[in-house]
**Student:** 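If you scroll down you'll find the structure; I have some questions about it.
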Amino acid sequence: MKELPKRYDPHEAEPRWQKMWEDEGIYEIVPDEDSYTIDTPPPTVSGRMHIGHTSSYAQEDFYARFWRMKTGNVFYPFGTDDNGLPTERLVEKTKKVSSTKMSRKEFRELCHFTIKELLPEFVEDWKRIGMSCDFKTVYSTIDSNSQKISQHSFIDLYKKGLVHRKETPVAWCMTCQTAIAQAEFENKDLTSTFNDVIFKAGDEELIISTTRPEFIPACVALAAHPDDERYTHLKGKRITIPLYDYKVPVIFDKEVAIDKGTGLMMICTFGDKDDVEKWHRYNLDLRIIFTKDGKLNELAGDLEGLSIIDARKKILDTLKEKGHLVKQQPITHPVNVHERCGTGIEFLKSTQWFVKVLENKNKLLAAGKKINWHPAYMQVRYEHWVENLNWDWCISRQRYFGVPFPVWYDKRTGEPVIADESQLPVDPFVDKPKSVPESDWKHLVPEEDVMDTWATSSVTPQIALAMHGKQDLIPMSLRPQAHDIIRTWAFYTIVKSLFSKETIPWKDIAISGFVTDPKGHKMSKSKGNVVSPQDVMDKFSADSIRFWAAGAKLGDDIPYMEKDLVTGNKTLTKLWNASKFVIMNLDDYKGFNAKFEDLELMDRWILSKFNRLVKSSTDAFSAYDHSKVKFDVEQFFWNDFCDNYLEIVKGRLYDPKDTIEKTSAQYALSQVIEGILKLFAPIMPFITEEIYAMLPFENKTKSIHISSWPDFRKEWVDSEAELVGEDIVKAVQEVRKYKSANQLSMNAPVSMLRVLSEQDLTLAENDLIAVTKAESFDHELGEFKVDIE
RNA sequence: GGGCCCGUAGUUUAGUGGCUAUAACGUCGCCUUUACACGGCGAAGGUCCCCGGUUCGAGUCCGGGCGGGCCCACCA
C-alpha cells in the first residue's frame, strides 16, 4: 500500500503552495464581461495586518475562490492605500521628521520612498493568509495610474458642476492643519469644566455656562429659547462681552435647551456645527479668533499667540481675577475629534473644494437600494448616513502627500484653470496646463492643496480595472468591506460611480464584522487585549485561522478564542487522516464502469447525501452565507463521512480480493473525497491543495482552486438509499450505545442483533453486520427498534 | 434622544411556522478498534430573556417590557 506522510505540517506546506500559486499565475486573469469582479479593499501600509483584517479578508477570499471554481473567471485585484494623512503620520513618526519643516517636494519623496521600503513585507501578511489575488498586478492609490484616474474623476465632476470651490466655515484639525470631512469625525467623551461667567445687559447680570471660555472674544450673539421667560425681556437689548467690552445681540431659537446650563448660550464663530448654522441663519458678525495652526489671533487681545489650552487657562485666571467667574464644576461631555489624531475639531472659514452630495441625497439613496447588501440591514446604516448629512463632501486637504488637484489659478482673475484630460496625471507644481499658452504661464499659480485620501480610494473600481484597460466593467460584482467604513469608503465610492458613470459601483456589497476579545469587547491597544494574527499563524496555521473566520456570518462580530483555532487545527488533522485512509484504499482501484443504481446501498446513501450538500453549499455561497457552508460541510465530513460511512465500508475495503462490493465503495470514496476537498477548498485552500495533489486521479487540474466546483447531479438523488441508510446508521448507533454501556470495545462481537424497521435493511445487511460484528442478524418490518444480545 | 442588530446548555453558536431544539469547546464515564488518542463511543447539561397576542401548532411571526452591542445625534 502507498505510504503517505503521517502528519501534515502547515508551516512547511503553506508557504510552498503560496509560492506555487504565484509562480504559476493560478489567480491571474484579464477581466471580461463574464468575470466575477471584486473591489478588494486596499489596506493602508501605515500598519501591520491586524486580526480584524485577517477575518474579513479571509471571508472575502472564500467568495473569490468559490466563484473562481464555479465560473473559472474571477478578477481579484490587490492594491494598497498609501495616500494621504495615514502615510504622512507614519513617515513623520518612523523617520522622525516634520512635514512642516521640510520642502513639499522633499517630504513627498520621503513618503514615496518609505512606502516602497515597507510594501514588500507588508504584503507578505496578505499572501500568507492565502488571499487568492493576482499579486503580479498590484496598484497603489498614489501610483501614477491611480493619480490619473483620481484627477480624471475630479475633472469629470468639475465639468458636470458637481464639484465646486467655495469659501465657507469648514471642519478643521489644528494638529493636522487641514480641513476635514464630516465622515472623519469621531466621538470621544472628554472631561471638562463648566464655567459660569457673568455677562452684562446694562446693569443686569446674566450668567452663561461655558466649557469654552476662550471663545468669549469670538462671541457674536447670545441665544435663548423663545419660551424661556427668564430671558424674553432681553429682546432687542445688546449684551456686553466681559473683558472685551463689545456688544452683541440676543437671538431666540427653539434649538436652545432651556434646562442646559443657565438656558442662555454664547454663539461664537465658530465653536461648533450649531454655531455655523446659527451664524448663517441669523446673519451674524464674523469674529474668527484662530489662525490655522491653532493659535489665537489679535482679536483675542491678551490671548494672542496662545494655544487653545493655554488661552483657556489664561482667560479663566483673568475672569476670576476680575470677578466675572462665579462658579466652576467638572463635567464629562462628548466632543467631536479628528479620527486620525484625536484632536478636537474646530471650525474655520476657508476656501475648499466640495463635492455636491447634499443636493443629490435622493439619487444616492436610490443607488443604495439598487445594491444588494449582505447582510441586508447594513443598507439602513448607509441610508441613515446619507439622510443625516449636513455638509457637502470637502475633498481638499492642506497637506502634502496626496493626489494633487489638476488645477492652477490665474493670478490676474483668481479663476481656476483645469488640466486637459489628455495630460493626466499632472502635478501643478511641475506641469503647466495644455490650454494655456507658454507666454501666460507666468500668471499661473498651482493649487497647493491635495485631495482627500477618500477622493482617490472612492475610485478603486476604476483603478483596479484600469490596470487591464477595462474600466467599462463597472458595476463590479462585489465590494467586500467592514461596517465601520460604510459612511466613508462605501458612500464615497457610490458617489463617484453615480456622478461620473450614472451607475452603482457594484452589484453586491458584503459587510464583515469585527473581531472582539472572548468577552465580546473591542480589541484595543489600551485594553491590552489585542491578538496578533502573525502570532496566531505561527502557532496554528493560515487554514485554521480561516476556518475560524468562516464561523462568523457576514456583519456579525466574532470573538477570538484560542480554542476555536485548536478546533480548526483538529479539523485539518482529521481531513489529513481521512484522506490518507481513502487514498491508501484506492491503491488498487481501477475505476467503476457500472451505473449509479448498481452501487451498494450505503455507497448510494453517502453519494446522495453528498449531492444534497453540494446543492446547499452552492446555494449558501451564492447567498453570501459562508458560515452555513462551513457548518454543513464540517458536519457531513466529520459525522456522516468519517464516523459513519468510513466505519461502515471498512469491511468491504479490507477484503483483499477485487470484489464488486469493494469497487463500489472505492468509487463512492473517490467521488466523495474529491468533493469534500472542493467544498472545503475556498475555506482551507492550503491543505485541500496539498491533499488534492496526492489524489491518484487522472484529469486533475494544476491546482484545486482552478478545478471545477462540484455539480449537483440529478441521477444521484436516491431517497430510498437515504431512508435505508439512516436506519442502518441508527442501528449502528444503538449497537455502539450497547457496547459503551457494557464497557465493550467497538470491535467486540455481539451474538445477536435484531432490528425492526419500516425500511428493508437487508439491502445493506452485510455492511451492518460487518460494522457491528454481529454474529447473527435478524430483520423484521415494523416500528424502529433494536434488540442486542 | 433617534435608529439598527442581538438575547437559545457553563462558553461560543445552528435554527426564516411543524418529529424528542443544533453542533463545537468544557464536564463525566467507557473504549489502546490495522486513517486519526490532535482519536472513537456514550452520558449529564436548556423556563430558547420576560409578559401578552396571532395560529391546529411559536425558539421562529406580531405587540409591549427588560438586558447587551453598535451607528447617529447630543459638544452651550
Side-chain angles (χ1 to χ4, degrees), chain A residues 1 4 6-8 185 187-190 192 194-195 208-212 215 219 222-224 255-257 260-268 271-275 278 331-337 344-345 375 377-385 387-388 390 483-484 486-487 513-514 516 518-522 551-553 555-559 561-564 566-585 627-628 631-632 634-635 638-639 642-643 646-647 650 653-654 732-733 735-748 771 773:
Chain A
M1 254 189 206
L4 290 165
K6 195 155 172 57
R7 292 247 185 268
Y8 168 66
F185 292 12
N187 270 312
K188 239 192 201 173
D189 275 328
L190 294 182
S192 183
F194 239 147
N195 304 286
I208 291 199
S209 292
T210 178
T211 54
R212 305 284 311 262
F215 263 106
C219 181
L222 296 190
E255 281 174 20
V256 180
K260 219 167 200 179
T262 57
L264 194 61
M265 66 185 286
M266 295 195 288
I267 307 293
C268 308
D272 61 29
K273 255 190 298 201
D274 272 351
D275 284 349
K278 292 197 178 73
I331 56 155
T332 304
H333 66 160
V335 176
N336 274 329
V337 298
I345 287 165
Y377 61 78
M378 287 295 178
Q379 191 196 330
V380 179
R381 279 217 202 170
Y382 167 81
E383 288 184 352
H384 286 182
W385 176 254
E387 281 163 6
N388 294 316
N390 295 315
H483 56 66
D484 56 330
I486 289 175
R487 64 180 184 172
F514 280 163
T516 66
K519 288 173 187 155
H521 298 136
K522 245 188 202 169
K553 283 185 277 196
D556 274 5
D557 288 348
I558 169 172
M561 288 185 280
E562 190 162 296
K563 70 179 179 72
D564 292 337
V566 174
T567 306
N569 252 19
K570 283 186 182 175
T571 308
L572 297 191
T573 304
K574 189 76 175 176
L575 189 58
W576 179 260
N577 286 321
S579 303
K580 202 171 67 177
F581 173 79
V582 171
I583 291 167
M584 283 186 328
N585 282 290
S627 66
K628 181 174 163 52
F631 189 84
D632 290 350
E634 191 186 3
Q635 284 305 307
W638 206 299
N639 199 266
C642 292
D643 292 345
L646 289 187
E647 292 304 324
K650 271 179 183 173
L653 290 172
Y654 289 159
V732 170
Q733 278 165 348
V735 175
R736 285 168 171 170
K737 209 180 279 190
Y738 171 85
K739 289 181 179 175
S740 189
N742 291 287
Q743 306 197 356
L744 294 167
S745 96
M746 288 302 132
N747 247 357
V771 70
K773 303 276 190 298

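Fair warning: this is a prediction, and the values are worked out from it, not measured in the lab. Each chain gets a letter, A, B and so on, in the order the sequences are listed, and its residues count up from 1.
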**Student:** Checking side chain to side chain contact (heavy atoms under 4.5 Å, CB included) between A:Met265 and each of A:Leu222, A:Thr210, A:Val256, which is the one that passes?
**Tutor:** A:Val256
**Student:** Looking at B:A35, B:G29, B:G39, which one has an atom nearest to any side-chain atom of A:Ser740?
**Tutor:** B:G29
**Student:** C1' atom, B:A21 versus B:G46: distance in rounded Å?
**Tutor:** 9 Å
**Student:** What nucleotide among B:A35, B:C71, B:C41 has an atom nearest to a side-chain atom of A:Lys522?
**Tutor:** B:C71
**Student:** With respect to the side chain of A:Asn388, which nucleotide from B:C72, B:A23, B:A76 is positioned closest?
**Tutor:** B:C72
**Student:** Please determine, for B:G39, whether a Watson-Crick or G-U wobble partner exists with both distances under 3.5 Å, and give it or none.
**Tutor:** B:C31
**Student:** Quick one: salt bridge (Lys or Arg N to Asp or Glu O under 4.0 Å) partners of A:Lys273, sequence neighbours excluded?
**Tutor:** none
**Student:** Quick one: label A:Phe514 by what it contacts on the DNA or RNA (base, sugar-phosphate, nothing), any heavy atom closer than 4.0 Å.
**Tutor:** nothing
**Student:** Looking at B:C72, B:G3, B:C30, which one has an atom nearest to any side-chain atom of A:Val380?
**Tutor:** B:G3
**Student:** Need one value for A:Gln733: base, sugar-phosphate or nothing, where a base atom within 4.0 Å counts as base even if backbone is also close, heavy atoms only.
**Tutor:** sugar-phosphate
**Student:** Could you tell me whether the phosphate oxygens of B:G40, OP1 or OP2, come under 4.0 Å of any side-chain nitrogen or oxygen in A:Trp638?
**Tutor:** yes
**Student:** At under 4.0 Å between heavy atoms, what does A:Asn187 touch on the DNA or RNA strands: base, sugar-phosphate, or nothing?
**Tutor:** base
**Student:** Classify A:Ala257 by what it touches in the nucleic acid, base, sugar-phosphate, or nothing, heavy-atom distance under 4.0 Å.
**Tutor:** base
**Student:** Which nucleotide in the list B:A35, B:C74, B:C41 gets nearest to the side chain of A:Lys273?
**Tutor:** B:C74
**Student:** Is A:Val256 touching bases, backbone alone, or none of the nucleic acid, heavy atoms closer than 4.0 Å?
**Tutor:** base
**Student:** Determine the Euclidean distance between corresponding P atoms of B:A58 and B:U20; express it in Å to zero decimal places.
**Tutor:** 13 Å
**Student:** Let's test this: given Watson-Crick or G-U wobble pairing with both distances under 3.5 Å, identify the partner of B:A9.
**Tutor:** none
**Student:** Decide side-chain contact (heavy atoms from CB on, under 4.5 Å) for A:Asn388 and A:Arg487; before the verdict, give the C-alpha distance in whole Å, the side-chain angles of both, and the deciding distance to 0.1 Å.
**Tutor:** CA-CA 11 Å; A:Asn388 294 316; A:Arg487 64 180 184 172; over 6 Å; no
**Student:** Less than 4.0 angstrom between a side-chain N/O of A:Lys737 and OP1 or OP2 of B:A43, yes or no?
**Tutor:** yes
**Student:** Between A:His483 and B:C70, does any side-chain N or O lie under 4.0 Å from OP1 or OP2?
**Tutor:** no
**Student:** Sort out the partner of B:C61 for me: Watson-Crick or G-U wobble, both distances under 3.5 Å, none otherwise.
**Tutor:** B:G53
**Student:** Which whole-number value in Å describes the distance from A:Ile486 CD1 to B:C4 C1'?
**Tutor:** 11 Å
**Student:** Over how many whole Å does the gap from A:Asp556 atom CG to B:A14 atom C1' extend?
**Tutor:** 12 Å
**Student:** Considering only the P atoms, how many Å lie between B:C70 and B:G65, rounded to the nearest integer?
**Tutor:** 23 Å
**Student:** Once rounded to the nearest 0.5 Å, what's the spacing between atom CD1 of A:Ile208 and atom SG of A:Cys219?
**Tutor:** 6.5 Å
**Student:** For A:Gly271 and for A:Phe581, find the nucleotide of RNA chain B with the closest heavy atom, then tell me which residue's nucleotide is more 5'.
**Tutor:** A:Phe581
**Student:** For the P atoms, the ones on B:A24 and on B:G40, what distance do you get once it is rounded to whole angstrom?
**Tutor:** 10 Å
**Student:** Of the candidate nucleotides B:C71, B:U32, B:A76, which contains the atom at the shortest distance from the side chain of A:Ser745?
**Tutor:** B:U32
**Student:** Which value, in whole Å, describes the distance between the P atoms of nucleotides B:U33 and B:U27?
**Tutor:** 24 Å
**Student:** Look at the side chain of A:Arg7 and decide which nucleotide, out of B:U22, B:A35, B:C38, has an atom nearest to it.
**Tutor:** B:C38
**Student:** If B:C4 has a Watson-Crick or G-U wobble mate with both distances under 3.5 Å, name it; if not, just say none.
**Tutor:** B:G69
**Student:** Would one find a side-chain N or O of A:Lys650 under 4.0 angstrom from OP1 or OP2 of B:A35?
**Tutor:** yes
**Student:** Out of B:A76, B:A23, B:C38, which has the shortest distance to the side chain of A:Gln635?
**Tutor:** B:A23
**Student:** Give a yes/no on whether any side-chain N or O of A:Lys563 is located under 4.0 angstrom from OP1 or OP2 of B:U11.
**Tutor:** no
**Student:** Which value, in whole Å, describes the distance between the C1' atoms of nucleotides B:G63 and B:U22?
**Tutor:** 29 Å
**Student:** Where the side chain of A:Arg381 is defined as all heavy atoms beyond and including C-beta, which of B:C25, B:G42, B:C70 is the nearest nucleotide?
**Tutor:** B:C70
**Student:** Measure from NZ or CZ of A:Lys260 to the centre of the six-membered ring of A:Phe194 and say whether it is under 6.0 Å with the direction within 45° of the ring axis.
**Tutor:** no
**Student:** Contact class for A:Cys642 vs. all strands (heavy atom < 4.0 Å): base, sugar-phosphate, or nothing?
**Tutor:** base
**Student:** Which part of the nucleic acid, if any, lies within reach of A:Pro559 when heavy atoms closer than 4.0 Å are counted: base, sugar-phosphate only, or nothing?
**Tutor:** sugar-phosphate
**Student:** Please determine if a side-chain N or O atom of A:Lys574 lies less than 4.0 Å away from the OP1 or OP2 oxygen of B:G40.
**Tutor:** yes
**Student:** Need one value for A:Thr573: base, sugar-phosphate or nothing, where a base atom within 4.0 Å counts as base even if backbone is also close, heavy atoms only.
**Tutor:** base
**Student:** Of the listed nucleotides (B:C25, B:U12, B:G42), which one gets closest to any side-chain atom of A:Met561?
**Tutor:** B:U12
**Student:** For B:U8 versus B:U47, give the span between their P atoms, rounded off to a whole number of Å.
**Tutor:** 12 Å
**Student:** According to a strict under-4.0 Å criterion, is A:Tyr654 in side-chain N/O contact with OP1 or OP2 of B:A35?
**Tutor:** yes
**Student:** Would you say a side-chain N or O of A:Arg212 is under 4.0 Å from OP1 or OP2 of B:A76?
**Tutor:** no
**Student:** Would you say B:G15 has OP1 or OP2 under 4.0 Å from some side-chain N or O of A:Lys553?
**Tutor:** yes
**Student:** For A:Lys580, report the nucleic acid contact type (base, sugar-phosphate, nothing); a contact means any heavy atom under 4.0 Å.
**Tutor:** sugar-phosphate
